[in-house]
Amino acid sequence: MAREPVLTFTPSGIYCPAGDFHIDPWRRVSRALITHGHADHARPGHGRYLATEAAMPVIRHRLGDIAIDTIRYGETRQIGGATVSFHPAGHVPGSAQIRVEVGGEVWVVSGDYKTEADGLSEPFEPVRCHAFITECTFGLPVFRWTPQEEVAAAINRWWAANAAEGRASILGAYSLGKAQRVLAALDPSIGPILTHGAVEATNRVMRDQGIALPDTLHVGPDFDAKAHPGPLVVAPPSALGSAWARRFRGASTGFASGWMRLRGVRRRRAADRGFVLSDHADWDGLLGAIRATEAERIFVTHGYTDIFARYLNEAGWDAQVVTTEYSGESLDEPASDGPADDVTEGAT
Amino acid sequence: MKRFAALFQRLDETTKTSLKTAAMADYFRDAPDDDRLWTVALFSGRRPRRAVNATQLREWAAERAGIDQWLFEESYPIVGDLAETITLILPPPSAQSDLSLSHWINVLRGLHHVPLEERKARILEAWEQLETAERFLFNKLITGGFRIGVSQKLMTRALSMATGRDEAEMQHRLMGDWQPDTTSWHALIEAEDASADLSRPYPFYLAYQLDEGPDALGAPEDWRADWKWDGIRGQLILREGQHFLWSRGEELMTDRFPELARSLDFLPSGTVLDGEVLAFTEGAPLPFNALQKRIGRKTVPKKLLKEAPIILYAYDLLELEGADQRAEPYDTRRARLDELLKDLPPEAPVRLSPQLSFSDWSDLGRIREGARDAQAEGVMLKRGDSPYLAGRKKGDWWKWKLDPLTIDAVLIYAQQGHGRRANLFTDFTFAVRDGNGLTPFTKAYSGLTDEEFRQITDWVRKNTLERYGPVRQVRPEHVFEIAFEGIFESPRHKSGVALRFPRMSRWRRDKPVNEANTLDDLKEMLAAYG
Ligand SMILES: [Zn+2]
Ligand SMILES: [Zn+2]
């Protein structure tokens, strides 16, 4: 008799029949295990949630009053016939890969991940498994990241040069994860660090849970930009070019994203500078992570799935594409991301 | 190459034209002569002769990167640029080099004389010692197309800043058929005699689009009108018994339109005309479709010369008896042009584009409504006392085009864009209703806002019915208004028609699919406007 797979792919999302739960579902379900707080993975309306202790505050901040249980990294928990545990994904603080074991067979859902340690998120840990469900947002060999300290140095140089000319520098960075990673990499001796409301709201949550970030000033409605010359302003990408950003007259603008590796995307955004900084794994990172799992079966979700799956198949894996509703590294933060009052302020 | 790469980076890093111009002026002030001459050449669309073909380049890059060719080919459309794809896919360089731009150009030019294996070795060696930005530029030298957000106008301004010479003079110096091998920095930019080149054209004067109608232009008596032709803008130069035809894009088109060789039988040397190249038979222009067959052909088969013979419909006079006419008022130039062309026999390949007489703006509005019947796109308005300026300058010349034709169509296929739009679905195929089915009839890529492209991208991801390689068939749910400039018969298309300049003019969220237009509607339009 054929055994039921450990995980199946349903219209609501990734489902575990033995434990009767979903992982990062996009439709309302009774029990959801959540890899991390990004809007395409943690959605409102589920009956019960389970996430890591470190991811919980942000998820609660974003989704409000939900029934949420927490789990420590590496801790195992029995749910029905399945044993589950959460392992660092290195994507954003608190992010996890979810390991599900049923009758000795192990499947791992990667969520979003990156393999380079960023100094803020718990570093990625490969988990051995039989089947690995991996994202491949940047699953093309043209995506190769430069080390974070080089990118950080470039951002600081750009800021310092602008500050020397009396200009503000506005950097577009996704408000959960990327923004804090950038903040942690800044050199505060260059000048004041200012934040958009959507970024500051996440900062507050993370500071409360003990994550160290440099001092920042929130740019609210009555903020006097002239009183803080030569600042670096961290804002969600959608706030660049908005009325909110116009108070920094003559500012130089930049984006921090993996997409900035492509000159065409950089130019479409019409920003002055693009910094190649992603919270997803690059080509070598994806392949390294897949190899480290020692899995034979690979399911690929969001990204260049067709191409990446074909590559894996030719390289000897048993790979297939799974259609999901995850959106990868968006250059534009969805409107549902962050508290409504902050986002409307920055919406374009 | 480092100095050139630094210039490129300064240009690429800013969207502000003042900073771009300053970066170029700095470079033109102190780069070595050979490098700055080549830079002017590259930025004006010239490049060293291609030494390696694109296929070889792709194979070598994939091989060096240690990936299969198909993976390279899949990556290329997503990056959108061959030179960039190669740059990104290669492993980081293992060495450094301080050699100049001209050095690397000479390396490329030296490849013509060596066997293929040696060419490959030299290209791989270059890749190995150039860092990302330099490598990208080196590849661009081979593949061509230096589009880096620097217009000729901007470069001209930078040269003017760097040399202290007048911008219009600089613009004229850069026109024409020069190559880095046939000139020098000094001869091109600094020497006193700038008109030495027989084929050198004048910069074209370009009209602005009139969106609101002509009422704001003032008194109708001050203005002259003629048709806005749907052809190829051209400048015909007759000097010292030779003739040259330049396109607005500064392309020498003399050989493509051999009919114009006979102009010298009818007109004197020392004449330069501005006008429109049109396919023309029996006293009237043919639709653009006829001319289209001749575009892109370097030599023209006899049959086509017969089917779609061309003429130059002249509407301005830039040089007469060897003297520059551009400072004269339009009325004077036009009177001299009329005089020059008035007695030409019908077999002459040059004709006078007629002026339209009108009493007031509403009268001209009525004339404009008849533009399609005259095979024109609208009318041109030119101020009677205006000189012939260089480039696109607001004020004296306006084009008042007809409104485009439109049709409401259903989105059925979507494909990811490339380059600027690699992460969005931007290439769409549209269908009209045909009985109970849908018949595809056009593709369109532009016209939506970035925000709309993002929304439709999200929707496509969730509503894909089928995938064919990069193409996704989507649920036929959304109706878009497609605007276009012309429609003609095309047996190659399933619908039997092809459109000119189709684009998405509006997302008709208010319209259900069963209210989209039908194939019969399309055929009616073909009968009316084709
Ligand atoms: Zn994420
Ligand atoms: Zn994701």
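Because the structure is predicted, anything quoted here is derived from the model rather than measured. A note on names: the letters A, B, ... follow the listed sequences, proteins ahead of strands, and every chain is numbered from 1.
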| task | Measure across A:Arg144 and B:Leu90 and return the closest heavy-atom pair with its distance rounded to 0.1 Å. | result | NH1-O, 3.1 Å
| field | Flag side-chain contact, heavy atom, 4.5 Å: A:Ile307 against B:Ile78 | value | yes
| At a heavy-atom separation under 4.5 Å, does A:Tyr304 approach chain B through its side chain, its backbone, both, or neither? | side chain
| field | Side chains of B:Lys462 and A:Glu325 in contact at under 4.5 Å (non-hydrogen atoms) | value | yes
| message | Does any part of the side chain of A:Asp272, heavy atoms only, come nearer than 4.5 Å to the side chain of B:Lys16, both counted from C-beta? | response | yes
| note | Taken to the nearest 0.5 Å, the spacing of B:Arg467 CZ from A:Asp306 CG works out to 4.5 Å
| Looking at CD of B:Glu74 and CZ of A:Arg310, how far apart are the two atoms once the value is rounded to the nearest 0.5 Å? | 6.5 Å
| said: Working note: B:Leu88 + A:Leu262, criterion side-chain contact (heavy atoms from CB on, under 4.5 Å); need CA distance, chi angles, decisive distance, verdict. | reply: CA-CA 9 Å; B:Leu88 299 180; A:Leu262 301 186; 3.8 Å; yes
| field | Side chains of A:Trp158 and B:Glu13 in contact at under 4.5 Å (non-hydrogen atoms) | value | no
| said: Return the CZ to OG distance between A:Phe143 and B:Ser75, rounded to the nearest 0.5 Å. | reply: 8.5 Å
| task | Heavy atoms only: give me the nearest A:Tyr311-B:Trp70 pair and the separation to one decimal. | result | N-CH2, 3.5 Å
| said: For B:Asp12 and A:Arg266: C-alpha separation, side-chain torsions, deciding distance, then whether side-chain contact (heavy atoms from CB on, under 4.5 Å) applies. | reply: CA-CA 10 Å; B:Asp12 209 34; A:Arg266 208 155 65 223; 3.4 Å; yes
| said: Counting only non-hydrogen atoms closer than 4.5 Å, does B:Asp450 touch chain A with its backbone (N, CA, C, O), its side chain (CB onward), both, or neither? | reply: side chain
| query | Does B:Gln209 CD have over 12 foreign heavy atoms under 6.0 Å away? | reply | yes
| Do the charged groups of B:Asp81 and A:Arg263 touch, with an N to O distance under 4.0 Å? | no
| query | Checking B:Ile89 against chain A: side chain, backbone, both or neither under 4.5 Å from a heavy atom? | reply | both
